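Below is one structure, written out as structure tokens; comments come after it.
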Amino acid sequence: MDDTSQQKIVDEAGEFAEKEIQPFAAQFEIDEAVPRALINKMAEKGYLAATFPETLGGLGMDPVYYGLLSEEIGKACSSTRALLTVHTSLVGEAILRWGNPEQKERWIRPMAKGEKLACFGLTEPDVGTDAKSVNTNYRKDGNTYIVNGAKKWITFGDIADLILTVAAGEKGITAFMVERETAGVKTTPIKGLLASRAAHIAEIEFTDVRVPEENVLGRVGGGFTYIVNTALDHGRYSIAWAGIALAQAAVDAMVTYARQRSQFGKKIYNHQLIQGIIGDAVTKVHAGRALCLRAGELRKANHGSAVIETTIAKYFTSKIAMEVAIDAVQVHGGNGCYNKYPVERFFREAKILEIIEGTSQVQQEIISSYGLRAYYKPPKKQ
Amino acid sequence: MELKEKIRKFIEGNLVVFEDEAEFGDSDNIFEMGFVNSLFAMKLVNYIEEDFGIEVANDDLEISNFSSVDRITAFIAEKQSA
């Protein structure tokens with residue numbers, strides 16, 4: 001698809017988000033649900049399959065424009081954007097990369113139409129960052145695998161039809177596509193969350209769940225090395241844009257408020273300390289978007305540096321989303337601490353981005369490890 | 001550049017230890033020596049597919065195919081001649 005057509009989709013998504021999502025985002029939180037009717041509308045527009053190939057019912061967008069589309073949805077509502085992260089990026093891309101042709105036909109097509117929603121079941125009650133240590137286990141029994149264990153904090157886990165999960169067993173960590181209807185699958189919504197309240201976050205229990213061998217994604221034993229790494233790489237790219245979305249939304253709110261609110265007889269943007277906050281916020285957003293666009297171009301070219309540049313973008317934008325959201329609350333003063341103003345929500349949502357798809361501390365370690373090699377200048381021998 | 005040399009360069013660009021601590025022979029298992037991590041395998045497969053135009057099938061994803069310079073070279077050579 002050419003750039004003009006892709007830009008048109010992004011522009012339409014912006015209009016869609018402004019009309020169909022943003023005005024209701026606060027209510028979604030109160031209801032603790034992104035409504036199914038909205039998900040259906042997004043599916044009709046093709047947003048749930050933005051990067052899927054057109055031959056499998058997708059829009060065939062490249063990573064750059066998919067990022068821009070994610071920003072449009074994310075500016076309106078983080079919980080709604082989270083569906084793109086898990087359904088399209090984490091699961092969809094993992095199936096497209098490692099699934100066999102039959103699996104792609106079987107899962108990608110209904111996922112593209114929104115007939116099947118997918119979630120990514122990696123984290124467990126006792127296993128977060130140390131994802132290789134999953135306790136969920138499998139054993140082979142004839143031509144099925146029996147899976148037992150529990151997953152936690154699974155975004156859209158409470159309504160997803162397909163669960164891409166990983167379990168440990170005698171042949172190593174293996175990835176399975178588990179269908180919700182399978183006997184022994186139980187999901188329980190998690191309430192009382194700081195943010196992502198509308199993202200149907202759930203705990204998932206597997207009790208003697210029989211998964212047919214044709215539902216193994218990739219090769220047995222390759223679940224972490226190939227599936228999890230691929231999924232998380234795509235997830236990090238999505239979260240990088242989620243950070244820009246939140247930071248941009250916070251800047252929009254901050255600037256608008258500064259031009260409308262008066263104190264000491266003048267609009268507050270006249271105060272130089274407010275100008276300093278706005279100046280820093282705008283600079284951070286522009287810098288973050290530049291990182292995201294560069295990561296997107298490298299991904300489009302399947303360049304070897306795409307993974308590390310995606311990591312850098314994710315680390316930076318989640319960090320500046322938090323910083324800019326804090327500053328947006330500050331500019332709003334007391335009103336910023338009140339849920340009638342969206343910056344209160346941005347403030348809470350930003351914290352999530354510093355934790356999911358690898359904490360900021362893990363990203364720092366990865367980036368540091370890269371930098372210690374890439375920028376080492378050994379002293380020249382005399 | 002010779003195939004082996006290209007592979008060695010790719011590995012050296014993806015080490016998780018410092019280059020002066022990472023002396024390895026062509027037959028040394030770079031995973032067992034702790035010179036690369038699990039992300040390396042995913043990046044290597046992408047590299048092989050992109051730079052050599054080879055499609056790596058699920059059945060080829062055994063880590064043993066990618067564990068040393070010799071094995072990676074043999075894998076690519078075998079795929080290219082198929």
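As the structure is a prediction and not an experimental result, all values here were calculated from the model. Chain naming here is simple, since letters A, B, ... match the order of the sequence lines and numbering starts at 1 in each.
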Completion exercise
Applying a strict 4.5 Å limit to non-hydrogen atoms, the region of B/Tyr47 in contact with chain A is neither

Exercise for the section: Using only heavy-atom distances, determine whether the side chains of A/Tyr237 and A/Ser70 contain a donor-acceptor pair under 3.5 Å. Expected result: no

Practice task
Tell me yes or no: between the side chains of B/Ser67 and B/Glu32, is some donor less than 3.5 Å from an acceptor?
Solution key: no

Problem - Interface moiety of A/Tyr370 toward chain B, non-hydrogen atoms closer than 4.5 Å - result: neither

Problem - Cation-pi check, A/Arg236 onto A/Tyr315 ring (under 6.0 Å, within 45° of axis) - result: no

Exercise for the section: Dump the intermediate steps for salt bridge (charged side-chain N to carboxylate O under 4.0 Å, His left out) on B/Glu5 and B/Lys9, then the final yes or no. Expected result: CA-CA 6 Å; B/Glu5 216 180 313; B/Lys9 204 164 172 232; over 6 Å; no

Handout entry: Leading residue by heavy atom contact count with chain B [cutoff under 4.5 Å; candidates A/Asn302, A/Asp233, A/Asn100, A/Val228]
Key = A/Asn302

Practice task
Measure centre to centre between the rings of B/Phe40 and B/Phe10, then say whether the value is under 6.0 Å.
Solution key: yes

Practice task
Counting only heavy atoms closer than 4.5 Å, note whether B/Glu62 contacts chain A via side chain, backbone, both or neither.
Solution key: both

Exercise for the section: Could you tell me which portion of B/Phe66 (side chain, backbone, both or neither) has an atom closer than 4.5 angstrom to a non-hydrogen atom of chain A? Expected result: side chain

Handout entry: Contact leader toward chain A among B/Asn14, B/Ile63, B/Val45, B/Asp20, where contacts are heavy-atom pairs under 4.5 Å
Key = B/Val45

